[in-house]
Amino acid sequence: MNLNQVLQARLQQRQDQSLYRQRMITEGPQQPMLRSQGRDYLCFTSNDYLGLANHPQVIAALQAAAKTYGVGSGASHLVCGHSAVHAQLEQALAKLTGRSRAVLFSSGYMANVGLLGALLEATDGVFEDRLNHASLIDGGLLSGARLQRYRHNDVADLQQRLQKSQARHKLVATDSVFSMDGDIAPLGQLAQVCQAEDAWLMLDDAHGLGVLGVHGGGAALQAGLDQQQAPIYMGTLGKALGCYGAFVAGSDTLVEAMVQFARSYIYTTAIPPAVAAASLAAVNLLHEESWRQAHLQQLIQRFRDTAQTMDLPLMDSHTAIQPLLLGDASRALQVSEALKNMGILVTAIRPPTVPANSARLRITLTAAHSASQVEQLLAALAKLQHQGLLAS
Ligand SMILES: *Cc1c(COP(=O)(O)O)cnc(C)c1O
């Protein structure tokens, strides 16, 4: 069979299963009113949790740095692509997360793959929560270490697996805030088990950084875990910080090992310096505009309170990620399309992003939303509920 025939068959199958993905073309900045094909939608599906992606100070920092540094970084960090503003941002991120040092990666996916590859070998074991982000799973597989997936947030299951393992080194990796569920991993207990079983704990804080902890310093700080207890911290710049890129933070030695051994760090172009400057402005805004975290928490509480009285299929989440569990992929798609017709954007998350029969509407709230916009969402959901579309 020729290539296109093979692919056509696979694409058709995906369509038949209601799992086909489509890209929406946007025509303006990330903000609650998102423009697409000439129409404005009220958007509840972005990861711009603090509303910084379109913040005037972040934009101004990007523009000013482009004047100083130009656009492209020109090379990888190890050649001549590591600018003063990259270095400044690394220092600011280390300080923000309470770690000795940080090193920038070009994306969170690359950070996870590079980090696990740099730290692990075939004789090692990597232990991951079943619901970890795909980039952690891929990083674990690519590292060549033996990958085990423990039951979601099940510290006892993890401990048993660690005790049975003959691996030379053991690394435990978890999302701190689960990207499709919104719940927070039991970080204190995980740190204790890792200490008891001599395993290294790695946190992927893509959805916690900026939102959780003092001044948005992240989930490790919120849980009171220092660099000894949670030695490997990964955060991203593309979500609550509203920019692009990622970093690994920890001891000086860990960071130096990334620079020497992480292939996705070494063999890729550094993020544009202007993007680093924008990220630095966003980090400063975490302090200057701390009302953003507080306002977001209020919206989360308000949404949950009303959704609970409506008996909507909420999940056990107290973060900005507030999914409604629907189960069936075609149902989730149907609800997402009905909302879109009402001018509201919420993505239907379906397998393989989430386990089979756990398709959901992934609602996300941001500090840029107003209380009345959240009321609009709830009113639209009430309407669909009356039509019988929202039971799980
Ligand atoms: C988004 C995300 C990543 C990937 O980060 P990018 O910078 O978008 O590549 C990694 N881990 C988790 C948990 C994420 O949600």
Side-chain angles (χ1 to χ4, degrees), residues 21 23 30 45-50 52-53 86 89-90 93 97 102-117 126 128-143 149 152-153 171-185 187 190 201-212 216 218-220 222 230 232-249 258 262-265 268-272 275-276 278-279 282-283 315 317 319-323 347 349 352-355 360 362-366:
R21 268 86 164 151
R23 299 173 301 173
Q30 288 297 320
T45 202
S46 134
N47 299 320
D48 179 27
Y49 301 124
L50 295 176
L52 297 180
H86 288 113
L89 175 60
E90 288 180 343
L93 291 168
T97 56
V103 54
L104 291 174
F105 279 75
S106 292
S107 76
Y109 190 105
M110 291 169 78
N112 282 342
V113 168
L115 178 124
L116 292 169
V126 55
E128 301 208 21
D129 189 289
R130 261 191 202 292
L131 297 189
N132 272 357
H133 190 263
S135 56
L136 280 175
I137 302 295
D138 293 357
L141 289 170
L142 284 167
S143 74
R149 299 172 79 176
H152 180 50
N153 284 344
L171 187 149
V172 174
T174 185
D175 284 24
S176 49
V177 176
F178 286 87
S179 55
M180 298 300 139
D181 298 67
D183 56 339
I184 300 177
L187 299 179
L190 288 170
L201 179 59
M202 172 195 179
L203 305 183
D204 175 339
D205 203 24
H207 300 276
L209 183 74
V211 179
L212 301 179
Q222 178 171 274
I232 309 163
Y233 179 94
M234 192 286 283
T236 67
L237 309 176
K239 286 167 179 150
L241 287 169
C243 294
Y244 183 78
F247 66 98
V248 170
M258 293 300 104
R263 293 171 64 83
S264 64
Y265 179 77
T268 201
T269 302
I271 58 170
V275 173
S279 305
V283 169
M315 294 180 71
S317 162
T319 65
I321 303 164
Q322 289 294 327
T347 310
I349 303 287
T353 307
V354 291
R360 64 201 66 179
R362 182 175 179 271
I363 293 169
T364 53
L365 304 171
T366 79

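Residues take their numbers from the sequence shown, with the count starting at 1. Both counts, for ligands and for their atoms, begin at 1 and track the order of listing.
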message = Tell me if the centroids of the rings in His207 and Phe178 come within less than 6.0 Å of each other.
response = no

remark   = On a heavy-atom basis, the closest approach of Phe105 and Ala111 is CD2-CA, 3.4 Å

request  = Carefully, step by step, assess Thr366 and Leu50 under the rule side chain to side chain contact (heavy atoms under 4.5 Å, CB included).
outcome  = CA-CA 5 Å; Thr366 79; Leu50 295 176; over 6 Å; no

Anything under 3.5 Å between an N or O on ligand 1 and a protein N or O? List each pair with its distance, or write none.
from     : atom 1 : to     : atom 2 : distance (Å)
ligand 1 : 7 (O)  : Gly108 : N      : 2.7
ligand 1 : 9 (O)  : Gly108 : N      : 3.1
ligand 1 : 9 (O)  : Tyr109 : N      : 2.9
ligand 1 : 11 (N) : His133 : ND1    : 3.4
ligand 1 : 11 (N) : Asp204 : OD1    : 3.4
ligand 1 : 11 (N) : Asp204 : OD2    : 2.6
ligand 1 : 15 (O) : His207 : NE2    : 2.5
ligand 1 : 15 (O) : Lys239 : NZ     : 2.6

ask   = Restricting to pairs with a member in residues 104-114, which pass side-chain hydrogen bond (donor to acceptor under 3.5 Å, both in side chains), not counting sequence neighbours?
value = Tyr109-Asp138, Asn112-Ser135, Asn112-Asp204

note = side chain to side chain donor-acceptor pair (under 3.5 Å) filter on Asn132, not counting sequence neighbours, yields Glu128

key: Those residues that, when tested against Arg360, pass salt bridge (charged side-chain N to carboxylate O under 4.0 Å, His left out) (two or more places apart)   = Asp181

